[in-house]
Amino acid sequence: MKKNRLFLILLVITCWSSFSFMKGKDFKRFLPASIAICMVTKYLNSYAKRKNFWSFKQSIHPKIPGEDVWTWGPFFTVSMWVLKSTYRELPLYIAVNFMIHTTFTFVVVPKLQKLSIFKLKKINPFQYVTILTVRQLLLYGFQHMSEFVMSKKLEAKPENGEH
């Protein structure tokens with residue numbers, strides 16, 4: 001169990017340290033949509049817990065739910081990086097996410113299950129990939145809305161401080 005906890009701590013640190021390679025303007029650009037989808041994921045995880053779709057058995061601390069480690073660690077950072085790399089290229093965005101989701105579901109999840117970190121229960125891997133895909137389409141939609149709102153704010157902003 002201590003090895004699992006150390007693994008999760010290093011995973012979160014590694015994910016967040018990757019932001020040191022992202023330009024600040026890109027971080028700010030994709031942050032609102034990434035936060036929004038993490039909030040949706042938080043709700044989805046609580047729903048999945050009630051319905052027993054999956055379970056997180058291990059966390060970095062007893063007071064931090066295991067699902068939060070994954071939501072605000074790898075999911076958050078991967079969402080930011082995939083948006084940065086593929087936004088405005090929807091077919092590429094979908095293809096990259098599909099590869100990530102299938103690899104996670106069919107390669108990583110079985111390993112996490114053996115380590116007693118995460119387990120699919122009442123849904124099968126194909127249903128899980130579908131959930132991940134819908135979630136990523138929502139993320140793209142959130143980013144599109146965020147860009148639209150920002151463009152409207154820039155249009156409404158007077159130039160050179162004129163009122």
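The structure presented is a predicted model; accordingly, all values stated were derived computationally and were not measured.
- With a 4.5 Å cut-off on side-chain heavy atoms, Asn97 and Leu139 do not count as touching.
- Using a 4.5 Å cut-off between side-chain heavy atoms of Ile, Leu, Val, Met, Phe, Trp and Tyr, with links allowed through other members, Val129 and Val107 fall into different hydrophobic clusters.
- Judged by distance alone, the side chain of Ser59 and the main-chain N or O of Ile64 form a donor-acceptor pair under 3.5 Å.
- Here the shortest heavy-atom pairing between Lys57 and Ser55 reads CE-OG, 3.5 Å.
- Residues Glu147 and Tyr87 meet the side-chain proximity criterion, which asks for heavy atoms closer than 4.5 Å.
- Residues Phe106 and Phe126 bring their aromatic ring centres within 6.0 Å.
- For Arg135 and Phe75, the positive end sits near the middle of the six-membered ring, less than 6.0 Å away and at most 45° from its axis.
- In this structure, Gln136 contributes its side chain and Thr133 its backbone to no donor-acceptor pair below 3.5 Å.
- Checking side-chain atoms of Ser17 against main-chain N and O of Thr14 turns up a donor-acceptor pair under 3.5 Å.
- Separation of the Trp70 and Phe118 ring centroids does not fall under the 6.0 Å cut-off.
- Remark: side-chain polar atoms of Tyr140 are paired, donor with acceptor, to backbone N or O of Arg88 under 3.5 angstrom.
- Note: Phe19 and Phe27 have perpendicular aromatic rings, judged against thresholds of 30 and 60 degrees for the angle between ring planes.
- Phe142 pairs in a side-chain contact (heavy atoms from CB on, under 4.5 Å) with only one of the listed residues (Leu137, Leu83, Ile37), which is Ile37.
- Two residues are said to be in side-chain contact when any heavy atoms from C-beta on lie closer than 4.5 Å; Leu112 and Phe7 meet this criterion.
- A distance-only check finds a donor-acceptor pair linking the side chain of Thr77 to the backbone of Pro74 [under 3.5 Å].
- With ring centers used as reference points, Phe76 lies under 6.0 Å from Trp16.
- Trp72 approaches Ile35 most closely through the heavy-atom pair CH2-O, 4.2 Å.
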